[in-house]
Amino acid sequence: MQCFNKETGNLGEKISENFLIESGYTILDKNFRCKIGEIDIIAKDGNYICFVEVKTRYGDLFGSPCESVTYSKQQKISKVAQMYIMKKRLFKFFFRFDVIEVILNKEDDSFSIKFIKNAFQT
């Protein structure tokens, strides 16, 4: 099951990356990790550095994917973002936290995307 979840997550991240590029974003980093945690995608949108959490599911039987970005998950993403900002010395930019939901269709290769800009603030 874990391998299947990882494959699903990787597919959702690739779909999200393509969506962001098609929307005019510049991808700065993917799967940035530090001892605190990980951020799926870091992208630049104009003067904003966007820290993007990607949630991928087959259907919404267990709720919408963005519901799994809990307060504690938001705090962890924020701390990882602070580490990234310091490491890359990105002090002259604005920052925001976005969430992308990817719903995959089991029947075919189709999917839907819900992009939530400025999904949370810390």
Side-chain angles (χ1 to χ4, degrees):
M1 188 64 155
Q2 181 67 20
C3 182
F4 180 73
N5 288 342
K6 182 67 175 158
E7 289 174 9
T8 302
N10 289 342
L11 176 59
E13 287 177 16
K14 188 63 181 165
I15 290 168
S16 298
E17 178 186 358
N18 291 337
F19 170 81
L20 290 170
I21 291 169
E22 290 172 7
S23 299
Y25 288 66
T26 302
I27 304 301
L28 301 177
D29 231 320
K30 296 182 291 186
N31 302 110
F32 173 78
R33 289 181 179 89
C34 68
K35 62 182 178 180
I36 301 168
E38 176 185 4
I39 295 178
D40 296 325
I41 299 173
I42 302 169
K44 187 171 180 289
D45 177 31
N47 290 329
Y48 280 88
I49 303 296
C50 306
F51 298 96
V52 183
E53 178 70 9
V54 178
K55 291 298 180 184
T56 308
R57 303 280 189 275
Y58 281 96
D60 58 1
L61 181 63
F62 299 105
S64 70
C66 72
E67 291 175 3
S68 64
V69 185
T70 62
Y71 178 76
S72 62
K73 178 72 173 172
Q74 293 171 14
Q75 295 303 305
K76 183 180 272 193
I77 292 168
S78 175
K79 289 177 183 174
V80 176
Q82 290 172 18
M83 295 290 288
Y84 185 84
I85 291 164
M86 290 183 350
K87 180 178 180 181
K88 301 290 184 172
R89 304 173 86 49
L90 298 171
F91 305 115
K92 296 182 180 180
F93 291 92
F94 297 107
F95 303 95
R96 73 170 191 249
F97 300 96
D98 301 338
V99 174
I100 296 180
E101 294 182 336
V102 179
I103 304 290
L104 303 171
N105 187 331
K106 289 182 185 178
E107 308 301 321
D108 56 28
D109 291 335
S110 68
F111 56 87
S112 64
I113 292 180
K114 182 178 180 185
F115 181 44
I116 306 165
K117 278 187 179 183
N118 207 23
F120 62 89
Q121 297 178 1
T122 59

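One is the number of the first residue; the rest follow in order along the sequence.
There is no path of hydrophobic side-chain contacts, each under 4.5 Å, that joins Val52 to Ile85. Transitive grouping of hydrophobic side chains (ILVMFWY, heavy atoms separated by less than 4.5 Å) keeps Ile42 and Leu20 in distinct clusters. Both Ile41 and Tyr25 belong to a single network of hydrophobic side chains, linked directly or stepwise wherever heavy atoms of I, L, V, M, F, W or Y lie under 4.5 Å apart. Put simply, Ile49 and Met83 are part of the same group of oily side chains (I, L, V, M, F, W, Y) that touch within less than 4.5 Å, one to the next.
For the residue pair Lys76 and Gly37, the shortest heavy atom distance occurs at CD-CA, 4.4 Å. Between Met86 and Phe91, the shortest heavy-atom contact is CA-CZ, 4.2 Å. Closest of all the heavy-atom pairs between Thr122 and Gln75 is CG2-NE2, 3.9 Å. Between Val80 and Glu38 the shortest heavy-atom distance is CG2-N, 3.9 Å.
A 4.5 Å side-chain heavy-atom check between Ile15 and Thr56 finds every atom pair outside the cut-off. Taking the side chain as every heavy atom from C-beta outward, Gln82 and Ser78 approach each other to under 4.5 Å. Using a 4.5 Å cut-off on side-chain heavy atoms (C-beta onward), Cys66 and Ile116 make contact. Residues Val102 and Pro65 are not in side-chain contact: their nearest non-hydrogen atoms beyond the backbone lie 4.5 Å or more apart.
At most 12 heavy atoms of other shown residues, nucleotides or ligands fall within 6.0 angstrom of atom OH in Tyr71. Annotation for Asp108: atom CG counts as buried by contact number, over 12 foreign heavy atoms lying within 6.0 Å.
Salt bridge Glu17/Lys30: present, at least one basic N to carboxylate O contact under 4.0 Å.
Of the residues listed (Phe93, Phe95, Phe94), the one engaging Tyr48 in a ring-ring contact (aromatic ring centres under 6.0 Å, His included) is Phe94, and it is the only one. Residue Val99 forms a side chain to side chain contact (heavy atoms under 4.5 Å, CB included) with just one option from Ile77, Asp40, Val69, Asn118, and that option is Val69.
At distances below 3.5 Å, not a single donor-acceptor pair connects side-chain atoms of Asp98 with backbone N or O atoms of Cys50. Put simply, the side chain of Lys117 never gets that close to the backbone of Ala119: no donor and acceptor are under 3.5 Å apart. Judged by distance alone, the side chain of Glu101 and the main-chain N or O of Lys114 form no donor-acceptor pair under 3.5 Å.
Between Tyr84 and Phe32, the angle of the ring planes goes over 60°, which puts this pair in the perpendicular group of the 30/60° scheme.
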